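These notes concern the structure reproduced below.
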Amino acid sequence: MSKTNGISIGRRIFNRIGTYGRSLVIGVPLWWLIIFFLIPFAVVFKISFAESLIARPPYSKLLEWKDGLMVLKLHLSNYGYLIDDDLYILAYWSSIKVAFFSTLIALLIAYPMAYYIARTTERRRGVLLMLIILPFWTSFLLRVYAWIGILKTNGIINNVLMSLGITSEPIVMMQTNFAVYVGIVYTYLPFMILPLFTNLVKLDNSLLEASADLGASPITTFFKVTLPLSMPGMIAGSMLVFIPVVGEFVIPALLGGPDTLMIGKVLWNEFFSNRDWPVASAVAIVMLVLLIVPIVLMRNAQQASAGASS
Amino acid sequence: MDTPQKIANGAKPWIEQAETPFIRISNLTKKFGEFTAVDNITLDIYREELFCLLGGSGCGKSTLLRMLAGFENPTSGRVEIDGQDMANVPAYARPTNMMFQSYALFPHMTVEKNVAYGLMRDGVSKSDAADQVADMLNLVQLSEFAKRKPEQLSGGQRQRVALARSLIKKPKLLLLDEPLGALDKKLREETQFELINIQESLGVTFIVVTHDQEEAMTLSTRIGVMDQGEIVQVGEPHEVYEFPQTRFVADFIGSVNIFEGRVSADATDYVRIHSQEGDCDIHVSHGVSCTENQKLWFAIRPEKLTISREKPRGKFNFVKGVIDEIAYQGNLSVYRIKLASGKIVRVTKSNRARHDGDAFSWDDNVYVSWDEAAGVVLAQ
């Protein structure tokens, strides 16, 4: 009697711990997201409906108590302002364009690198992966400043070119879109390489052999087998590059010129130069929506195609 | 084609030597660093043969197959297929196709597209390819699964897709790496006969790699038994089973009892071997080239032994022992009989009657005897 009781109590405690443990494991990241992402997001969302004031904080309250009435004032004008002024639409468009092309360039550079790392000997693979990750140990800002030293008018590239007599005048690279692309592609390349690598390293060699066996040249095999099978890696890598690049501020601010128009820079200006927090918040919200909608659509499409095949 | 007679009709070109071999492998060696995977193999295979390379894991059979397919470069030696040297021919230009052990079906393509893959690479028109694919899927009974992806198929269905894909280009030579390895026993037996039918109807030469001796016996016209990178014996299934040339072959194919002994009498038409292990004299009714007192082995299959309670007549070819273990397997029973020397002898007896009142039981004292022509004398 007591023995069976002991067992059942033990089991009950164990089950309790089991369920608590499970909710603890899920709970920690969940609360992290709620505290550090969802609440700040809600605050920003709230501010985007406020009115800009010269006060502290520099925006109006949404809810006001007036003569026994609860008044909710939503200033939609902030969003209207974004549509009225060309600047914002141009900045969004330009950011998406820059993000698109830098993702494409990063993909073209990263693919052969990831492919080589995945196919090389295990020993060399470790060293190469280390080299890809190594720059993360240096400050990101420091690395961007290093690029200024390389690209500026009397920088390394121009000095070398001129001493070799290839050009007589220095080439202007700093404060151009070229410099922005160089900086972005350089910075985000590891985020493209790593997911591609994890995908390509799983590629079953017998599939490539089967393709060759059925008469496909190595190039055909690449386009018919390797490339389609690496699509998930390409999508993951492209997401990891595209999404942060759209909102990128530091690189265009340091390497770009006055005609480099990116939404991150506009946002910074609204917030710190104009001190117009509501408009800045609206800019941020619209950017988020612009990024989330295509991601959700793509995920749905992927799930639909996965659902259709199983 | 002026092939004298079809193998399917009982011709044996490897004996008649009437035609030139279709595949000639000469002095083929493959080394991986210090390790020799394939060691100086010379082998001829004829058109429309179903040749099995049989051996344990790591014996080099898969490496040999991969060299034929062009996935590995030989360290030395030569491969000729249909008179053409394969030395500088890459895998995608060889007249061979391979069925992979893992099947290696393209996971992102439907069954139809997988099978059509080889045709598309050859520039066959879409409508032509579609017709051929439909015929092939019909042959392997997969027509209704044409639009499925490989992950939605069972193991047996995947196996047939892999077979269809490797046959669609009508290769001169089809290489099959453990083609039935992933199937369960029942399905494997059915598929073996299907494979033979397809091979005979298409007239393709098959080389099959397997570690399963039963499969090799069922499928093949000839078997090449491999051990440590070398081919130790080539022969028709019954030759390899009844006339093994070494103890390795005798032991690897089927089950066998081996008595070690020394020659006690050597004549032109018989030999006698005295075995300490068996505490018996073995009389073999044919001449063996050997010398007096030479060490020899006598190998005999369990089904060629007879158990009795009474002492057999004659002076030779029997041992005495105690039944140690009986394994009832339905169609037959396996008796493990322990001799005085401690050696275990395996005897199989088919269960012809449904109930045998006089059946042997554990710890019975019995005699095991055999016919004077039932065993093989092995010198190595």
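If you're wondering where the values come from, they're calculated on a predicted model, not measured in any experiment. Below, read A as the first sequence line, B as the second, and so on, with proteins coming before strands; counting in each chain starts at 1.
- From B:Tyr117, atom OH reaches atom NZ of A:Lys224 across 7.5 Å, with rounding to the nearest 0.5 Å.
- Counting only heavy atoms from C-beta outward, the side chains of A:Glu209 and B:Met98 never approach each other to under 4.5 Å.
- Interface summary for chain B: among A:Thr220, A:Leu207, A:Leu208, the most heavy-atom pairs under 4.5 angstrom belong to A:Leu207.
- Within 6.0 Å of CZ in A:Phe136 there are more than 12 heavy atoms belonging to other residues, nucleotides or ligands.
- Proximity to chain A is absent for every atom of B:Thr110, based on heavy atoms less than 4.5 angstrom apart.
- Within 6.0 Å of CZ in A:Arg124 there are 12 or fewer heavy atoms belonging to other residues, nucleotides or ligands.
- The structure places NZ of B:Lys169 at 8.0 Å from CG of A:Asp213, a figure rounded to the nearest 0.5 Å.
- You'll find the side chain of B:Tyr92 stays beyond 4.5 Å of the side chain of A:Ser211, heavy atoms only.
- Contacts between B:Phe106 and chain A at a heavy-atom distance below 4.5 Å involve backbone atoms as well as side-chain atoms.
- Environment of CZ in A:Phe45: sparse, with no more than 12 heavy atoms of neighbouring residues, nucleotides or ligands closer than 6.0 Å.
- More than 12 non-hydrogen atoms from other residues, nucleotides or ligands lie less than 6.0 angstrom from OH of A:Tyr115.
- With a 4.5 Å cut-off on non-hydrogen atoms, B:Leu105 touches chain A through its backbone but not through its side chain.
- More than 12 heavy atoms of other residues, nucleotides or ligands sit less than 6.0 Å from atom CD1 of A:Ile35.
- Most heavy-atom pairs under 4.5 Å with chain A, from the set B:Arg121, B:Met109, B:Arg148, B:Arg165: that is B:Arg121.
- At most 12 non-hydrogen atoms from other residues, nucleotides or ligands lie less than 6.0 angstrom from CG of B:Asn88.
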